[in-house]
There are 2 protein chains.
Amino acid sequence: MSKKRATLIDVAKLSGLSTGTVSRVLNGHPSVSDEARKKVEDAIKKLNYVPLSTARSLAKGVSNVIMLSMIEENPILPSTWRYELPVIQGIYDCLRDTPYNLQVGIGFVEEAQKSKFFENLLKDKYIDGLLILGSWPIDHRSLIYLEERNIPYVLIGCRSSVPTRAEVNFDNHGAVVEVIEYLVQLGHTKFALIGGLKEQLHMVDRAKGFRDALLARDLKVYPNLIKFGDYQIDSGYRLMLELLEEDPRPTAIICGNDLMAAGAIKAIHDKGYKIPSDFSVVGFDDSEISKVVDPPLTTIKAPTFEMGNLAVEKLCSMIQQKDMELEEIAILPCELIIRSSTGECNQKN
Amino acid sequence: MSKKRATLIDVAKLSGLSTGTVSRVLNGHPSVSDEARKKVEDAIKKLNYVPLSTARSLAKGVSNVIMLSMIEENPILPSTWRYELPVIQGIYDCLRDTPYNLQVGIGFVEEAQKSKFFENLLKDKYIDGLLILGSWPIDHRSLIYLEERNIPYVLIGCRSSVPTRAEVNFDNHGAVVEVIEYLVQLGHTKFALIGGLKEQLHMVDRAKGFRDALLARDLKVYPNLIKFGDYQIDSGYRLMLELLEEDPRPTAIICGNDLMAAGAIKAIHDKGYKIPSDFSVVGFDDSEISKVVDPPLTTIKAPTFEMGNLAVEKLCSMIQQKDMELEEIAILPCELIIRSSTGECNQKN
DNA sequence: TTGTAAGCGTTATCAG
DNA sequence: CTGATAACGCTTACAA
């Protein structure tokens with residue numbers, strides 16, 4: 001049953017041409033006569049020949065492999081999954097027009113914050129470029145290894161303490177600024193933040209956006225109204241209960257994700273208040289949850305698919321022109337999706 | 001900057017030994033003197049040498065690549081994402097103890113139902129084995145290609161019209177039977193099904209489980225209480241409204257996923273009924289949504305991580321013993337998670 | 001336009 | 001236990 005697979009030499013024999021010519025046909029080289037091309041193509045078809053990628057790689061000195069390393073919380077958070085799969089889709093979508101194959105590796109945040117992370121990950125691997133998808137700081141010593149090895153890489157959603165060649169991210173800061181602008185128009189002045197994991201990079205940027213937006217409007221930043229949880233529903237619930245006891249009491253609450261917003265909404269309802277008449281609540285992610293909760297959630301949608309696309313584009317151009325010196329970081333805008341969990345501020349000041 | 005990477009020959013020179021010996025050290029071959037081994041290891045360290053995987057593959061005749069092909073609805077459904085990422089995690093978790101690298105390819109259902117799907121997908125690729133992750137029928141002619149090429153493969157969550165070598169799935173049928181048993185104990189006799197996409201394999205099996213469970217209990221299967229939607233919240237809402245008009249009116253509703261269940265709950269509430277006193281509602285997936293809706297949803301959790309693990313185990317053993325004839329299909333049990341959307345049937349019969 | 005042959009970096013088979 | 005040396009399948013000067 002297991003007939004040996006045909007090789008390029010078999011094709012050459014059958015077509016009566018040389019291996020060189022066959023190879024040229026395979027690689028779309030211009031200087032091949034139509035006649036020869038035809039013969040080779042027939043032989044290929046007849047033999048069911050498929051070139052062996054490893055042999056090709058070896059001869060050409062390229063691997064045609066791009067590796068995606070996903071750096072995950074441990075245990076992995078559902079909202080991370082929800083964010084990462086569209087990114088992967090975007091990556092693959094862009095990659096299918098290229099000769100590159102996509103290989104994946106999954107690591108944990110703790111590992112990526114140690115120095116030999118990529119060295120270990122890439123042990124025994126031969127890749128042309130690396131995509132790094134994560135939400136936590138990357139140990140810069142790991143990145144040095146990539147530089148030494150001359151492996152082009154693009155960071156997606158994460159960064160290191162030292163500046164890196166190329167980064168793709170969405171605009172956490174701007175998104176929060178935008179939603180606060182919107183809420184200020186509605187008359188809100190007392191804002192609270194129910195954050196997710198405090199050290200996570202997206203959250204760091206959003207917290208900064210939160211402060212900056214308020215300061216820009218000459219609104220007061222109340223430290224007691226800024227709290228952090230763990231992106232799970234329960235922490236949203238708990239933190240909202242705390243907020244209801246604070247002084248001043250906020251009228252608008254920005255949450256780290258839709259799930260925490262759902263928890264906050266539950267807390268508000270449990271205490272007998274109404275949304276949006278008593279409180280405006282904003283989520284993040286535009287997940288299904290935002291449509292399921294009552295009232296439907298105003299939320300922020302990150303351009304995940306586009307991020308994947310752009311990251312691949314950048315990586316490919318880095319691979320082409322090996323020594324580009326660009327140190328470029330792309331920040332894509334988010335979309336504010338307004339539903340009914342936000343409304344006019346009814347509290348007299 | 002881009003110093004050439006060291007090769008095995010460099011290591012041989014520096015250590016004063018032959019390439020053969022270096023190779024033996026690399027591959028943990030027993031017949032190497034401790035002294036030689038030490039010298040080689042020193043040289044490797046000094047040169048920062050890493051073997052080139054493609055050269056290795058070529059010489060050994062294996063690729064060390066396992067490909068995961070994900071077959072998706074178009075556009076991709078969020079609930080599919082939610083299911084697939086844990087499977088991938090399970091796959092990777094098992095693979096990191098092996099020499100195999102994981103490569104991924106994403107295709108759409110329409111493509112996989114045509115005959116040349118895998119031929120196209122694997123064009124120019126050299127893999128040792130294939131994992132096929134999907135929820136829709138696979139064209140069996142595509143699989144013939146794999147057989148001819150002698151590429152071991154494992155289907156995850158899907159199947160073809162002809163029996164295949166190895167399949168891993170979760171027990172859709174049994175899960176529905178179990179939940180109906182549970183509801184029967186609570187006194188329910190009139191069951192409705194709000195299905196997801198009707199032709200999708202998981203749904204096919206669940207619908208069959210639905211009928212079988214009722215018949216086994218000598219309960220009537222009302223065709224007008226079996227409806228199919230598209231796994232989105234709106235169709236759950238709409239179909240529930242329809243069910244409220246049917247005769248007989250069901251008291252227990254099994255939904256295709258948590259999202260449709262959320263829609264159904266909304267419809268029930270909108271019409272002024274209570275859960276679980278008037279209706280019991282069951283979801284599927286144990287997604288975050290099941291904890292967000294009110295009341296929290298009784299649902300079914302599939303062993304996604306374990307499926308990934310098992311699939312890899314199977315594939316690896318198929319790769320080892322090339323011509324195993326097993327035609328084995330593994331069905332893993334689901335977990336019924338009881339929350340408060342289900343309860344005693346209060347309707348007098 | 002085509003053929004020849006020398007690599008690409010490893011492994012594996014033989015002798016020694 | 002070790003060293004030559006021929007594969008592995010393909011690409012690519014270089015010649016013709």
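Hydrogens, waters and symmetry mates play no part in the numbers below; they use all other heavy atoms, side chains included. Every chain is numbered from 1 and lettered A, B, ... according to where its sequence line falls, protein lines coming before strand lines.
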Discussion item. Check the phosphate of dC10(D) against Tyr49(A), side-chain N and O only, distance under 4.0 Å to OP1 or OP2. Yes or no?
Written reply: yes
Item to complete: Using a 4.0 Å heavy-atom cut-off across all strands, classify Thr7(A) as base, sugar-phosphate, or nothing.
Response: sugar-phosphate
Item to complete: Would you mind classifying the nucleic acid contact of Thr21(A) as base, sugar-phosphate or nothing, using non-hydrogen atoms under 4.0 angstrom?
Response: sugar-phosphate
Item to complete: Using five base pairs at each end, measure the axis-to-axis angle across the helix from dT1(C)-dA16(D) to dG16(C)-dC1(D) and round it to 10 degrees.
Response: 40°
Worksheet entry | Donor-acceptor under 3.5 Å (Asp42(A) side chain, Lys39(A) main chain) | no
Worksheet entry | Selection from dT11(C), dC8(C), dT4(C) that lies nearest to any side-chain heavy atom of Ser23(B) | dT11(C)
Discussion item. I need the CG-P distance between Leu58(A) and dT10(C), as an integer number of Å.
Written reply: 9 Å
Worksheet item: Between the side chains of Thr54(A) and Ser57(A), does any donor sit under 3.5 Å from an acceptor?
Response: no
Item to complete: Assign the ring pair His202(A) / Tyr83(A) to parallel, tilted or perpendicular, where the plane angle (0 to 90°) is split at 30° and 60°.
Response: perpendicular
Practice prompt. For Ser57(A), report the nucleic acid contact type (base, sugar-phosphate, nothing); a contact means any heavy atom under 4.0 Å.
Written response: nothing
Practice prompt. Return the nearest nucleotide to the side chain of Leu52(A); candidates are dG9(C), dT2(D), dG9(D).
Written response: dG9(D)
Worksheet item: Within this structure, what is the CG-to-P distance between Asp124(A) and dG9(C), rounded to whole angstrom?
Response: 16 Å
Worksheet entry | Distance in angstrom units between Lys60(A) NZ and dA6(C) P, rounded | 22 Å
Item to complete: Return the value, rounded to whole Å, for the distance between atom CZ of Arg37(A) and atom P of dT1(C).
Response: 9 Å
Discussion item. Once you apply a heavy-atom cut-off of 4.0 Å, does Val25(A) come out as touching a base, just sugar-phosphate, or nothing?
Written reply: nothing
Discussion item. Regarding Ser63(B) and Asp128(B), do their side chains bring together a donor and an acceptor under 3.5 Å, going by distance alone?
Written reply: yes
Worksheet item: Is Arg56(A) near enough to dT11(D) that one of its side-chain N or O atoms lies under 4.0 angstrom from OP1 or OP2?
Response: yes
Worksheet item: So, does the side chain of Arg5(A) form a donor-acceptor pair with the base of dG9(D) at under 3.5 Å?
Response: no
Discussion item. Checking side-chain hydrogen bond (donor to acceptor under 3.5 Å, both in side chains) between Trp136(B) and each of Glu110(B), Gln113(B), Glu73(B), which is the one that passes?
Written reply: Glu73(B)
Practice prompt. For Gly61(A), report the nucleic acid contact type (base, sugar-phosphate, nothing); a contact means any heavy atom under 4.0 Å.
Written response: nothing
Worksheet entry | Out of dT10(C), dG9(D), dT2(C), whichever nucleotide has its closest atom nearest the side chain of Ser31(A) | dT2(C)
Discussion item. Distance check needed: dC10(D) P versus Asn27(A) CG, whole Å only.
Written reply: 11 Å
Fill in: Side-chain donor-acceptor pair present, Lys114(A), Asn120(A), cut-off under 3.5 Å
no
Worksheet item: Looking only at atom types and distance, does a side-chain atom of Asp139(B) sit under 3.5 Å from a main-chain N or O of Arg141(B), one as donor and one as acceptor?
Response: yes
Worksheet entry | Length of the NZ-C1' vector between Lys39(A) and dT2(C), whole Å | 11 Å
Item to complete: Specify the separation, in whole Å, of atom NZ of Lys13(A) and atom P of dT2(C).
Response: 20 Å
Discussion item. Please compare Thr54(A) and Pro30(B) by the position of their nearest nucleotide in DNA chain D and report the one closer to 5'.
Written reply: Pro30(B)
Practice prompt. Would you confirm whether Ser142(B), through its side chain, and Ser115(B), through its main-chain N or O, come within 3.5 Å as a donor-acceptor pair?
Written response: yes
Discussion item. Let's see if you can work this out: which of dA13(D), dG9(C), dT11(C) has an atom nearest to the side-chain heavy atoms of Arg24(A)?
Written reply: dA13(D)
Worksheet entry | Phosphate-side-chain proximity, Ser33(B) and dC1(D), N/O vs OP1/OP2 below 4.0 Å | no
Fill in: Length of the line joining Asn64(A):CG and dT11(D):P, which is rounded to integer Å
11 Å
